[in-house]
Amino acid sequence: MNENSYLMALSHLPRWRTEKINKLLVQILKELNLTFAEFFDSDDKDLANTFKLNTKEISDIQDVKNELPNYAYLADELLNQRYEIIPIYSTEYPKSLKDNLRINFSPPVIYVKGNKELLHEEKVAVVGSRDVSDKGFEFTKKITQKLVKQGNVIVSGFAKGVDRLSLDVSIDNNGKSIIVLPQGILTFASGFKKYYQNIIKGEVLVLSAFHPKAPWSVGLAMSRNRYIYGLANDIYVAESNSRGGTWEGVMDGLRKIKKFKMEEYRKIYVRHAAKDEKCANNLLIKHGAIGINDELEVVKKPGPKEKQQTFFDE
Amino acid sequence: MDRNIAEKKLNDIFGLHAFYDEQWQVIEKILQGKRCLLIHRTGFGKSLCYQFPATQFEGMTVIFSPLIALMRDQVSYLRSINIPSACINCEQTHEENEDILKQAAENKIKILYIAPERQENITWIEAVRQFKLSMIVIDEAHCISVWGHDFRPAFKRIIDLVKLMPKHLPILAVTATATERVALDIRTQLGSDKIFYLRGSLLRDNFYIKVIKVDSEEDKFGFILNQIQHLPGTGFIYTGTRVDTERYSSFLKRNGINAIAYNAGLAGDLRKEIEEGLKKNVYKCVVSTNALGMGIDKKDIRFIIHTQFPQTPIHYYQEIGRAGRDGEDTFIYTLYRAEDKSLPEHFINTARPNAKKYEKVISILKQSPEPLGERALIKKCNLKQNSFRVIKADLIEQGIINEVTYGKSKKYEYQFNAPALNLTRFEDLRKHRFKELEKMIEFLECDSCRMKYLRDYLDDKADSKCNKCDNCLGGSTIWRNSPELDILIKEFLEGEYPSLHNANKEYCLINGVAASYYGSSNVGALIHKCKYENKGYFPDSLLEKVLSAYRACFQNIKFDLAIFVPPTESKDLVRNFAERVAKALDIPISYNLQKKRDTKPQKVFQNSWNKKDNVDGAFEFKNPEELEGRNILLIDDIYDSGATIKEIAKTLVRYKINLLASLVIAKTVGSVGDSDNVLSPDNLLKHTAETTDKKQGNDNKELNYIEKQREKHPNAYKPWSDVDDKRLVELHKAGMSVAQLSEFFNRNKGAIRSRLKKLS
């Protein structure tokens, strides 16, 4: 029996933190070895005692139980159009997401269309600000071409600037790409038309971790950035200001590398900026990112450890 | 809820005193939130098994039913006992359907009927997520199974949906016709482990089943004419094709029996009208392809006559099952001659287009720069719409292509990593169908109890004979027409000239006429010889036929000018023929209709869009002065989609013609099926008509001449009432012109003229 409606209903519980949802999934499926149907048969007492849910949470569960038929319709709509629903506990779920985002931030479900094998290949992301300088632009092109040639999958957030540029370069070079949407997967009609040929050839996978009907929003765009950092093994930063999405993402990434001791297999490269550039690239290098020059050679080792620590202690 | 309480409620709501035990068994399970499959005979009371629980649930019950007539009847019944209910189907306007969906989202509807095809409708998809759903019912559940006799792809979506539904939601599947194999398939698909399954007895003990052996088509007409006068009440005559519905009904009408033709080609409101008339016993019989009947809530259908036997014993059981639901004596006749099996054989063999066409769709989608809509894809592949729909359903089912909704439009995509086309599957199904056909013939030729045969076939183990069928009462009957009757029927059949339902007010075009159908008798063969085998001009025998058709149809119109369709590849055949027609009719001929550019033969194109493109703007008229105010007769050899004639009319109407009518040698029968399959002339006719019905042809624009007619003249094809007749004569005497009368009565001018003639 198909569990998708239950999974979707739980995954999109309104105002529940990702971590909480993931823990509930673990509890139901792993610790108690229940089916979702059995979970939804639990009464309020069970929910309180066994699952340690508070009154508000119990009422959320009861509400979503009534919505199960509606989620069934939604799941049916998705599956009939051959979107795929991949739960966090599936072997098809990308390992890098779980490794990088852990239980706190790994989306409980992802929706994809296209060649899902790409999820398990070597993935990299070239990121940077929306208004990129000429130097950043050239760097993006060069680095993407090189990465594509090496057989990497380019992970793109489909945002203006560096994001889109690296996707375009990848596609122009018959490379493989994953588009990570800042919106629900059912709201990407124009993209599916545009990338139709690339999708049916297996060059492109479209991925969304949000409710399939969710429209674009700033909040989703921010979460999407996190998923890009989560999916990609290595990150190449073309350009960053001292604040905003790129900056936050890179800093967060650096912090996690350190926290989970991933220095060996996860690297964040930043384009070393010239002195007259206004960007904050070199500041990131100071914070521990690996600097590379326009020729794509490593120019500087990570900065002194103490400095990083003071920053992250907050 | 215990049975006593339930029956009290039953009395309050439905005014019924008690459930049958089998009904209660199912209802009890439904109320407990279980999934059930109920197989029971028509007339048992399956609908109460969901209608009652539906009234007890807080939210709404959705019933998937392919039978529009049934929906309509049940909704009006439920409303009459104050149960808020509604249906959504293609016969209602978009606004009506939207309004119902809105009410449903507000939980103002208890029971909602919907045609399975509507699931793909975008408005529906948007609306359902707001429903408060309490139960799902699948009517005619045998359509779920490819091993059933009537598999429909839309039902597969119901299963997809059901699989996703939470397990506490009750689901009921019902059908009157399923073998154990099909039942097992349904149960598996619904999640077999916990499904409650109840199979009732399929015995219909009020049926007198008879098989009548005949030697010819004429015998069939003769038997019916003779027998129907002795049959009580009203009934159905089932024919194999649409054309035959018209033939039998007009034959019976001519002989004083109130018959009416009914088929999927008729417009929705006309069908509704006939259904109403049927319920009120206006007609002695309704002559129909098997599209009808399904689900009409009339309990006292007294007889059913098959002029062509169905493909399988299950079809047969289901079709006869519509009669005699009141339990009174009911008479079932099947007219049978061994040759009749060629039609079902043909259907089975051509149920699917050939593999090349499948490959074509795949390769076009693979190469297209973006997803394609149905129309674009049909045009690019040069396919008939019906062929495309069969291919599409198969390719989706095999996971090779994919139907998606982008914004408000539906598109088709090739699926990344698709498997190769699996043809073995089609072959297995074909073999299975042939086996079933053999069984049907075995039934017709058997000498044991016929009811027992049917029940055994449906795995309803029958232990006794019915003592009512011909075999129980002494064997099957043989019927031969008397020589006088035979002559009467032959004359009737030869005097039928196919009308070209191509009238178009805007273009001053009136319905044309053909001398014959291409494919019936030897007309098609004669045309083919001259046209494609260089055997000279069309012979005089064809000229004679065309002149008879002309006289039968146009004798009230004075034509001023004859013109002909300029040739594409048959050189001057048509010109020569038109000269001879014009000479015989003493109408001046003009050679001024010419082509501005080359066109391809229309038969190359498989659908009306491509045909229209082929002739668009292709004609001109050299000397337009000779057209103004004139009645023009347009002559051609073969009439197919009507696109050429329409294009010519469009060209000529600019020069203020008064009227244009077309006269052709032969009319092809629509454009369904697969041109790569060689059709014998005899079943070309039958084949096309029935296939269309089977594929829910009511949305096939190419064939809906009558529907188009009805749009222009809402009263077209309606029988004339006495009041209308009286009025017509009065108004005519008062000096009203035919055009004015046409407008007044909402019928075309030809119809007015012929009625006036009849009444004078």
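Note on naming: letters A, B, ... go to the chains in the order of the sequence lines (proteins, then strands), and numbering restarts at 1 for each one. Side chains included, hydrogens not; waters and symmetry mates left out as well; all remaining heavy atoms used.
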Heavy atoms, side chains only, cut-off 4.5 Å: are A:Ser5 and B:Met165 in contact? no
If you tally heavy-atom pairs under 4.5 Å against chain A, which of B:Val404, B:Leu133, B:Leu161 wins? B:Leu161
Look at B:Leu169, B:Thr405, B:Val128, B:Ile136 and state which one has the largest set of heavy-atom pairs under 4.5 Å with chain A. B:Val128
Could you check whether any side-chain N or O of A:Gln197 sits under 3.5 Å from a backbone N or O of B:Lys366, counting only pairs where one atom can act as donor and the other as acceptor? yes
Rounded to the nearest 0.5 Å, what separation is found between the CZ atom of B:Phe416 and the CG atom of A:Asn198? 12.0 Å
Set of residues satisfying side-chain contact (heavy atoms from CB on, under 4.5 Å) with respect to A:Asp43, sequence neighbours excluded: A:Lys45, A:Asp46
Compare all side-chain heavy atoms of A:Asp41 with those of B:Lys167 and state whether any distance is below 4.5 angstrom. no
Quick one: what part of B:Ile159 sits under 4.5 Å from any heavy atom of chain A, side chain, backbone, both or neither? neither
Taking side chain as everything from C-beta outward and backbone as N, CA, C, O, which of these in B:Glu413 sits under 4.5 Å from a heavy atom of chain A? Side chain, backbone, both or neither. both
Which residues in residues 107-122 of chain A have a heavy atom less than 4.5 Å from any heavy atom of chain B? A:Lys113, A:Gly114, A:Asn115
Determine which residues belonging to residues 164-191 of chain A lie within contact range of chain B, meaning some heavy atom pair is under 4.5 Å apart, and list them by number or answer 'none'. A:Ala189
Which region of B:Pro369, side chain (C-beta onward) or backbone (N, CA, C, O), has a non-hydrogen atom less than 4.5 Å from a non-hydrogen atom of chain A, or is it both or neither? backbone
Does B:Glu58, at its CD atom, have more than 12 non-hydrogen atoms belonging to other residues, nucleotides or ligands within less than 6.0 Å? no
Those residues of residues 69-86 of chain A, ordered by number, that approach chain B below 4.5 Å (heavy atom to heavy atom): A:Pro69, A:Asn70, A:Ala72, A:Tyr73, A:Leu74, A:Ala75, A:Asp76, A:Glu77, A:Leu79, A:Asn80, A:Gln81, A:Arg82, A:Tyr83
